[in-house]
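Quick notes on the structure that follows.
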Amino acid sequence: MLAIALGALLLRLSQALPLNSPLLHEYDYIVVGGGVAGLTVASRLSQDPDVTVLLLEAGPADNHELFVEVPGMIGDGIGSIYDWNLSTVPQTALDGAPRSVPQGFGLGGSSLINGMLWNRGSIGDYDDFVSLGNPGWSWDDMMPYFQRSENYHRVASLELAMNFSIEANMSVHGTSGPVNVSFAHWFWGTSAVLFDALNELGVPTAYDPNMGQIAGASFLPLSLDPVTATRSTARRAYYDPVADRPNLWVSTGQHATQIFFQGMDANDNATVMTSQDNPLGQGISSAPDIPGIFGGTSTLDVSHSGQAPTTLISRTLGSLLHWFRRATRRGLSPRQTNEAEPMVPARLRAVGVEYAANSRRPRQTVNATREVIIAAGAFHSPQLLMLSGIGPADVLQENNIPVNMDLPGVGSNLHDHGQVWTWYPYNNSAFSTPLEFINDSAFAEDAWTDYWANRTGPLTSGAFDGVAFPALAFISNGSTVIPDTALSQTASQYLANGTHSSVLLGYARQLELLTTALADPTRASYEIVNSNTGALTVANMRPLSRGSVTINSSLPFDSPVIDPRYSSNPIDAQVLLAAIRFNERLIATESLSQLHPIHMYPPPHATDAEVLQWINTHMQTEYHPVGTCAMMPYQLGGVVSPELLVYGTSNLRVVDSSIIPILPAAHLQAVVYGIAEKAADIIKAANTRPPIPTSFSFSYDPLPATSSASPTATENGEAAVVTHFVTVVATQTVYV
Ligand SMILES: *[C@@H]1O[C@H](CO)[C@@H](O)[C@H](O)[C@H]1NC(C)=O
Ligand SMILES: *[C@@H]1O[C@H](CO)[C@@H](O)[C@H](O)[C@H]1NC(C)=O
Ligand SMILES: *[C@@H]1O[C@H](CO)[C@@H](O)[C@H](O)[C@H]1NC(C)=O
Ligand SMILES: *[C@@H]1O[C@H](CO)[C@@H](O)[C@H](O)[C@H]1NC(C)=O
Ligand SMILES: *[C@@H]1O[C@H](CO)[C@@H](O)[C@H](O)[C@H]1NC(C)=O
Ligand SMILES: *[C@@H]1O[C@H](CO)[C@@H](O)[C@H](O)[C@H]1NC(C)=O
Ligand SMILES: *[C@@H]1O[C@H](CO)[C@@H](O)[C@H](O)[C@H]1NC(C)=O
Ligand SMILES: *[C@@H]1O[C@H](CO)[C@@H](O)[C@H](O)[C@H]1NC(C)=O
Ligand SMILES: *[C@@H]1O[C@H](CO)[C@@H](O)[C@H](O)[C@H]1NC(C)=O
Ligand SMILES: *[C@@H]1O[C@H](CO)[C@@H](O)[C@H](O)[C@H]1NC(C)=O
Ligand SMILES: *[C@@H]1O[C@H](CO)[C@@H](O)[C@H](O)[C@H]1NC(C)=O
Ligand SMILES: *[C@@H]1O[C@H](CO)[C@@H](O)[C@H](O)[C@H]1NC(C)=O
C-alpha cells in the first residue's frame, strides 16, 4: 500500500517539468529552434517515453499578450519582442533600400506573429518537389501529414457558407490534430463582393482551398481556436498540452552558436571560454510585463528562471526514471536494408550543440546521442550550418571557420513571395470595413465589448480572409508573353555573378517548372491578398528571382546577411504589373463598384513604366522566405536529402521552411507543419535501429569549383493598438 502511494508520488513529482528546468548533459535528440517546425518535431519525438528531447529556442515564451491572442490585432506582432527584427541588404534591383523581413522570435516562432491564414498550395506544387529529386514528397504523400497537424472546424452556419462560398471537403481535413483550424466569428461583407467581381471577370471560386486545386477565389480558414477565438500557435498546439512530459526539455532564451562534430575542428569564434561556467540550461523569461488575455500568466510559469528545490528533485527523479526505462528497453528492430545509398558519404556525426543566452555569456555545451535537428528558419538555419563549418568553402575560409564540409548550396536559392500593396479604399458607408477601427471609436468599443462578452465581432477576424490565387491565363486575354519570355531565359541570366555551378543546375530545373506553372491555367501565378478595406495586395506565387543568405562574420550573434534580390528577374515585376492592371478591371466591375472604391495607388492613368516604378519602390516580403537549405540532390546545389539529412552528415537534419526547394502557392504555416510532421516520422523510423558507428573514414570527389565570374557557365490601449494595426495596413505594410 505504502509502496504504491510512494510510487504514485514519485511518478507525479517526476512528471512536473516546467519550462527552463535545469538540463541534462546529454539528450537523444536536440532540436534547435522552437517555431512551427521545431515544436512539432520535439513534440512528436517525445511521444516515445524512452527518448529524451531538448528544444532550444532563442526567444521567450509568450505571455498571452493581446497582440498575440486576438486575431483582430494581427500585424502588431511585427516589430515586437517576438520578432527578430531582421533586414535585408539594400535591394539593388528595386529602389536600393533594404526591406525588413519579420521572423518569429519566441516559443511558437512565426505562428505568434503571422496572419493566421491556413492553406497548402496545389497538387502540382508538390509534384515539383518530386521533380526536383525528392521521391516521397508528392501531394498524396503529404496529405496524411497535413491532416495530422490540424483539427479542422467547419464554418459556423450554412448561411455563412453560402454567402462566402466556403465549402469543406472533409476527406482532406484532419479533425484530431493539435492545431485548431477554424473560421472567424465575423465576416466582412466586402469579401463576398470581391468574389462576385472575380467571377464576373472569369476567375472562378475554388472549392475547398485545401484540396490542392486553388486557382481562383478562396476563403481561407485560420489557425484559430473556434471557441475562445484566440490564435492557435505552435506553442499552444504542440507544447502546452504535453509540457508535463518528463522526457521533453524546453529552454527559452538560448541561441545555438554552433554544432559540434565528432573529431572535427570547431569555430573558435563561436566559443567564448570563461573560468566559471554556468549550470546547464537556465532559460530566460519573456520578462516584459504585458497584461495577458487571461489576466496575467496562465498555466505556464514563464517567469520561472531559477532552480526551485522541487524542480531539482523532480528532475533528478525524472532522470532516474529514464535511466531505468532505457536500461530495461527491449530489443531493437532489425536494420533496414532497402534505403537508397547516400550520394555523399556521411563523414560527419553531430555530437553536441553549443549555445548561450547572449554574446557576453559563456557558451555551454549539451551532447546529442542520436540526432541534432536544426529548425531555425530560412535565415538562421543556413547561418548555423556555416558557423559550424558546413557551407560554401570560400565563405567559410573568408570568415576563418574550419571547413568541415564544403556544401555550396547552403544559403543559396533564397526566394520569397514578393508583394506590392495597392490601395482602392472602399467609400460606401453601407459596407463595414476594418477602416472603421480608425475613424469610428464607437465601432472599436463595440468590437471589444463583443469580443470580451461573447468572443464574437470583428476582432475575431484577422482582416484578411477572402483571397484569390488567379492563374495568369485568367487575366491576360490569351496573351502568353510572360510565360514565353520566361521560357526564353537562360538559367544563369539573372542569377548573381559567381553562383556555384551546382546551384545554377538546380535553378535551371526550377526555371523549367516555374515556366510551366506560369503557363498553366489550373495553377496560381499570383495571390490577391484582400484586406477588406480596398487594399488588394498582389504577391508573386512563382517568383523567378533568387537571392542568398550568407555570413560576414564567424561570430554567432551577428546577423546573417540576407539578400533576397527581389525583382532581380524582370518577370516577377511583369506578373505584378499584369496583376495590378487586373485589379483596375476588378474595381470597375459592376459588383465591386457597389463598394465605391477610390482609385488611389498606383495612381489612375499610370503608364506601364510608372506602375513598374511603383512596384520598384513598394515590393516587399510576403513573409514566406524559403529555399536556403534546399531539399534537392547535392549535384543540383541541394543541402538536404529527401530524408532531410544534411549532405555529408549521418545525423544532422534541417526541418523548416529552408528545406522547401521551390515555393508552393500558399501561406507557409500549414505547409511547414506538414513538413515537420513528416520529418518526425522519418526521424522515428531512422532511429529504430542501433546508432550508426561513430568512427569510419572515406573519401569522395568534391564538386567542381565555383563557376567563374561569367554568368554563362551553363545553359539551362486596446483600441489604440487596433488602430495601429489598421494604420499600418493603410500605410502600406500588409501582414499575412
Ligand atoms: C560531451 O561529450 C564530450 C565528448 O564525449 C565530453 O568531453 C563532454 O564533457 C560532454 N559534455 C557534456 C556537457 O557532458
Ligand atoms: C524588435 O524591436 C522591438 C522594437 O524596437 C523591440 O521591442 C524588440 O525587443 C526587438 N526584438 C528583438 C528580438 O530584439
Ligand atoms: C447572407 O446574405 C444575405 C443576402 O445578402 C444577407 O441578408 C444575410 O444577412 C447574410 N448573412 C450573413 C450571416 O452574413
Ligand atoms: C474530396 O477530396 C477527395 C480527396 O482528394 C476527392 O477524391 C474528392 O473528389 C473530393 N470531393 C469533391 C466533391 O471534390
Ligand atoms: C482547440 O480549441 C478547443 C476549443 O476551444 C480547446 O478546448 C482546445 O484546447 C484547443 N486546442 C489547442 C491546442 O489550443
Ligand atoms: C574572430 O572574429 C573576429 C571579428 O569578426 C575576426 O577579426 C577574427 O579574425 C576571428 N578569429 C577567428 C579565429 O576566426
Ligand atoms: C466618399 O463618400 C463621401 C460620402 O458619401 C463623399 O462625400 C465623398 O465625396 C466620397 N469620396 C470620394 C473620393 O469619392
Ligand atoms: C469610416 O470610414 C468608412 C470607410 O471609409 C466610412 O464608410 C464610414 O462612414 C466612416 N465612419 C465615420 C464615423 O466616419
Ligand atoms: C452575448 O450573448 C448573449 C446571448 O446571446 C446576449 O444576450 C448578449 O447581448 C451578448 N453580449 C454582447 C455584448 O453582445
Ligand atoms: C482584356 O480585355 C478587356 C476587355 O475585353 C480589356 O478591358 C483589358 O484591358 C484586356 N486586358 C489585357 C491584359 O489585355
Ligand atoms: C555580372 O557581371 C557583369 C560584368 O561585371 C555585369 O555586367 C552583370 O550585370 C552582372 N550580373 C549580375 C546579375 O549582377
Ligand atoms: C555584415 O553585414 C551587415 C549587413 O547584414 C552589415 O551591417 C555589417 O556591417 C557587415 N559586417 C561586415 C564586417 O562586413
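Just follow the structure's listing: the first ligand is 1, and inside any ligand the first atom is 1.
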If you measure from the Lys or Arg side-chain nitrogens to the Asp or Glu carboxylate oxygens, is any gap between R581 and D608 under 4.0 Å? yes
Does a donor on one side chain and an acceptor on the other come within less than 3.5 Å for E445 and T449? no
Can you tell whether the side chains of R585 and E200 come within less than 4.0 Å, N to carboxylate O? no
Enumerated ligand 7 atoms positioned under 4.0 Å from heavy atoms of N427: 1 (C), 2 (O), 3 (C), 8 (C), 10 (C), 11 (N), 12 (C), 14 (O)
Are D83 and S80 close enough that a side-chain donor and a side-chain acceptor fall under 3.5 Å? no
Write out each pair where an N or O from ligand 9 and one from the protein are under 3.5 Å apart, with the distance.
{"unit_1": "ligand 9", "atom_1": "2 (O)", "unit_2": "N454", "atom_2": "OD1", "d": "3.2"}
{"unit_1": "ligand 9", "atom_1": "2 (O)", "unit_2": "N454", "atom_2": "ND2", "d": "2.3"}
{"unit_1": "ligand 9", "atom_1": "11 (N)", "unit_2": "N454", "atom_2": "ND2", "d": "2.9"}
{"unit_1": "ligand 9", "atom_1": "14 (O)", "unit_2": "D450", "atom_2": "OD1", "d": "3.4"}

Which residue is it: T257, L555, I401? I am looking for the one with a side-chain contact (heavy atoms from CB on, under 4.5 Å) to N269. L555
Do the ring planes of H255 and F557 sit parallel (below 30°), tilted (30 to 60°) or perpendicular (above 60°)? tilted
Atoms in ligand 12 with a heavy atom of N552 nearer than 4.0 Å: 1 (C), 2 (O), 3 (C), 8 (C), 10 (C), 11 (N), 12 (C), 14 (O)
Should the ring pair Y451 and W448 be called parallel, tilted or perpendicular, given that the plane angle runs from 0 to 90° and is split at 30 and 60? perpendicular
